[in-house]
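For reference, the structure discussed in these notes is given below.
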Amino acid sequence: MFDTKLIRENPQEFDTALCRRPGQSPIADAINTLDARRREAQTRAQKIQTERNAFAKQIGAAKSRGEDISDIVAEVSKSKKKQARLENEVVNATQKMRDFLSSLPNLPLADVPEGHGEGDNVELRKWGEPRHFDFEPRDHVSLGENLRMMDFETAAKLSGSRFVMLTGGLANLERALANFMLNVHTRENGYTEVNPPALVNDDTMFGTGQLPKFGDDLFKANTGHWLIPTAEVPLTNILAGHLVEADTLPRRYTAMTWCFRSEAGAAGKDTRGMIRQHQFTKVELVSVTTEEQSLSELERMTSCAENILERLELPYRTIVLCTGDMGFGARKTYDIEVWLPGQSAYREISSCSVCGDFQARRMNARYRPDKSGKHTRFVHTLNGSGLAVGRTLIAILENFQEADGSIIIPKVLRQYMGDIEVLKP
RNA sequence: GGAGGAGUGGCAGAGUGGUCGAAUGCGGCGGUCUUGAAAACCGUUGUACCGAGAGGUACCGGGGGUUCGAAUCCCUCCUCCUCCGCCA
């Protein structure tokens, strides 16, 4: 959500920045017209209210002196209807503005490359050498089923398509991964571990930008709750409605949660395997910072995520998303892609975004920049995966496979798996 | 699920129809004293919006209503607490 004052004062700059996203057209004029109407109605309604407040005070004074008040009362009653109409106008105009503004995506930062889709993203760096195999590497489905620890058939019986059931060593491996990631982020990177609700209300989904536009991508419970598509939602909303002191920032939160996505628009995409599921485990990172800190925090967060892959010895590359591939609330996004030998491709395993004050405005989360000052500012929010656990498991299977279908366990994970070194079929 | 109670400023907590945006305490900020600090004392201290400004308007859990006037009365929803029942 945007500051209407900013749009009023810099309509040209606003439109230019917004239109760097493909599919967006200039909108500042329309917003400013709507806004002018709202302010005018508000000013008029306030004027009438001022008069009425004065009358009410007179009545109070007169009454306490024991005077007759019926004349004044009669006069005030007349303005009631007019005021109700004006107030109604203000409420409607405000609501209209809010609806309008809440459907607009965030402005890309100036250094974000312009483009229409995946193809226009820009690679920044690569880490690790994809391993050379002297046999034909298999994909994770083949490996997992061969181990008899990855069962799509039973999952389909229980739930339908896009679900998987892990058993035995792979179930343990997934738990080990999440445990490892959480330990690193909490013990070395300064994040506070949170175990948040996975069902949230409308306001919470609005705060991070899933609503009102993207309800179709979400699962909804019959109580009206929504299932979180990422822990970004509850973690970022922790500070919703709060005013905090600057010296309590940054706040860094991490959580392992299940994530639920309807994958409504992804029919036919990644149907094989556990790349794209309705339910998956993810360790999420969320930072809440000041305006000054948010850009460096993005670099920090991204390196926290990259570091996990390095310790797992998984080759990756880091790209910056172009304006056409960025999410709704982001100003700038780095994707980290892990090498998958089974696909001979780099695939997304983490996405780190800085949202500026976009989400903070939606959820009204502010801070006081300095203690004696009267001004408040909206906090800046960031989120990133640290990492997608299911996809990390896939990467381990495919990168650490042996010719006989066994899987070498990365050294850093062994302590979480009873010190075994290999999973054998 | 049943019966009660409560939601007020950063926090604690008073206020039951008019001069209440709201006592008081804590905390914060500024100052006096002090070599410095602590203590003590004095002062100050909510947010958002409208307005060029003067100034104005709104907000006492959310929404609605009664009234000339609502933190205060009524309706409704939400949240929390206590007791009982049930239960992982």
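Labels below follow one simple rule: chain letters A, B, ... track the order of the sequence lines, proteins then strands, and each chain is numbered from 1.
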**Message:** Can you tell me the base-pairing partner of B/G17? Count Watson-Crick or G-U wobble geometry only, both distances below 3.5 Å, and say none if there is no partner.
**Reply:** none
**Message:** Side-chain N or O of A/Arg38 versus OP1/OP2 of B/C50: is the shortest distance under 4.0 Å?
**Reply:** yes
**Asked** How close or far is atom C1' of B/C50 from atom CD of A/Glu89, stated in whole angstroms?
**Response** 15 Å
**Request:** Take A/Phe2 and A/Phe358, measure what ring pair (Phe, Tyr, Trp, His ring centres under 6.0 Å) needs, and give me the verdict at the end.
**Result:** CA-CA 7 Å; A/Phe2 297 111; A/Phe358 185 82; 5.7 Å; yes
**Prompt:** Does B/U57 pair with anything, Watson-Crick or G-U wobble, both distances under 3.5 Å, and if so, with which nucleotide?
**Reply:** B/A48
**Request:** Rounded off to whole Å, could you give me the CG-to-C1' distance for the A/Leu243 and B/C59 pair?
**Result:** 15 Å
Could you go over nucleotides 71-81 of chain B and give all protein N or O partners under 3.5 Å, atom names and distances?
none

**Prompt:** What do the steps show when you test A/Glu284 against A/Lys282 for salt bridge (Lys or Arg N to Asp or Glu O under 4.0 Å), and what is the final call?
**Reply:** CA-CA 6 Å; A/Glu284 182 74 359; A/Lys282 181 157 59 69; 2.7 Å; yes
**Message:** Applying a 4.0 Å non-hydrogen cut-off, can you work out what A/Arg8 is touching in the nucleic acid: base, sugar-phosphate, or nothing?
**Reply:** sugar-phosphate
**Request:** Would you mind pulling out the nucleotide paired to B/A12, Watson-Crick or G-U wobble, both distances under 3.5 Å?
**Result:** B/U24
**Message:** With a 3.5 Å limit on both atom pairs, tell me what B/G7 is paired to, counting Watson-Crick and G-U wobble, or say none.
**Reply:** B/C78
**Request:** Examine the side chains of A/Thr248 and A/Glu245 and answer whether a donor and an acceptor come within less than 3.5 Å of each other.
**Result:** no
**Complete:** pair_partner(B/G43), Watson-Crick or wobble, both distances < 3.5 Å, evaluates to B/C29
**Pairing of A/Glu51 and A/Lys47 as salt bridge, 4.0 angstrom limit** = no
**Message:** I'd like the C1' distance from B/A58 over to B/A22, given in whole Å.
**Reply:** 15 Å
**Prompt:** Who is the Watson-Crick or G-U wobble partner of B/G1, with both distances under 3.5 Å?
**Reply:** B/C84
**Prompt:** Going through the distances and angles, do A/Tyr191 and A/Tyr253 end up as a ring pair (Phe, Tyr, Trp, His ring centres under 6.0 Å)?
**Reply:** CA-CA 5 Å; A/Tyr191 286 85; A/Tyr253 301 112; 8.8 Å; no
Can you tabulate the close N/O pairs, meaning under 3.5 Å, that link protein atoms to atoms of nucleotides 54-57 of chain B?
from, atom 1, to, atom 2, distance (Å)
B/G56, O3', A/Thr50, OG1, 3.3
B/G56, O2', A/Thr50, OG1, 3.0
B/G56, N2, A/Gln46, OE1, 3.1
B/G56, N2, A/Gln46, NE2, 3.2
B/U57, OP1, A/Asn53, ND2, 3.1

**Request:** Determine the Euclidean distance between corresponding P atoms of B/G30 and B/A39; express it in Å to zero decimal places.
**Result:** 15 Å
**Asked** Between A/Arg8 and A/Asp3, is the closest basic N to carboxylate O distance under 4.0 Å?
**Response** no
**Request:** Tell which nucleotide pairs with B/U35, taking only Watson-Crick or G-U wobble pairs whose two distances are both under 3.5 angstrom.
**Result:** none
**Prompt:** Under 4.5 Å between any side-chain heavy atoms of A/Arg252 and A/Thr192, yes or no?
**Reply:** no
